[in-house]
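First up is the structure itself, then whatever we jot down about it.
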Amino acid sequence: MPDKLTVDLHPVFRSDQDIALAVRNALFRAAAQRVPLVEIITGKGSGKLRSRVLAMLKQPHVKKLYRRVETAPGNDGMVLVHLR
């Protein structure tokens, strides 16, 4: 069992639908495989992609999957999702 799952959103950053699909698929796959941590790479940029990801993670049906969300220490371009 891997200790983390990494998702890079750079290839799909232009489409809100593709972003949501990539994040949801990663969370559901990690939950099914009992992976405790999902790293979502948003990149540093202007922060719009990170804010879209954080807003998506606040949805009630997605919130049930994780314990907490944080920005990686020392790296604003990565969101860490700790699963239950």
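Small disclaimer: the values here were computed from a predicted structure and weren't measured.
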Counterpart residues, side-chain contact (heavy atoms from CB on, under 4.5 Å), relative to [X] (two or more places apart):
| X | answer |
| --- | --- |
| Ser46 | Lys48 |
| Gln17 | Ser15 |
| Ala31 | Leu65 |
| Arg68 | Glu70, His82 |

Please list every donor-acceptor pair under 3.5 Å in which a side-chain atom of residues 73-80 meets a protein atom from a residue at least two apart or in another chain.
residue	atom	partner	partner atom	Å
Asn75	OD1	Gly77	N	3.0

| field | Expected output: side-chain Tyr66 to main-chain Val38 donor-acceptor under 3.5 Å | value |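 Between the backbone of Val38 and the side chain of Tyr66 there is no qualifying donor-acceptor contact (under 3.5 Å).
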
| field | Val23 vs Val7, side chain to side chain contact (heavy atoms under 4.5 Å, CB included): CA-CA, chis, key distance, verdict | value | CA-CA 7 Å; Val23 171; Val7 179; 5.5 Å; no

What distance separates [X] [atom1] from [Y] [atom2], expressed to the nearest 0.5 Å?
| X | Y | atom1 | atom2 | value |
| --- | --- | --- | --- | --- |
| Leu37 | Leu5 | CG | CG | 9.0 Å |
| Leu21 | Met56 | CG | CE | 9.5 Å |
| His10 | Leu49 | NE2 | CG | 7.5 Å |

| field | Selection residues 6-30 - residue pairs positive for salt bridge (Lys or Arg N to Asp or Glu O under 4.0 Å), sequence neighbours left out | value |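 Residue pairs with at least one partner in residues 6-30: Asp16-Arg52.
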
| Joint hydrophobic cluster, Val35 plus Ile41, side-chain heavy atoms closer than 4.5 Å |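 They do not share one cluster, since no chain of ILVMFWY contacts under 4.5 Å joins Val35 to Ile41.
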
| Criterion side chain to side chain contact (heavy atoms under 4.5 Å, CB included) on Leu57 and Leu27, from CA distance to verdict | CA-CA 10 Å; Leu57 290 171; Leu27 290 174; 3.6 Å; yes

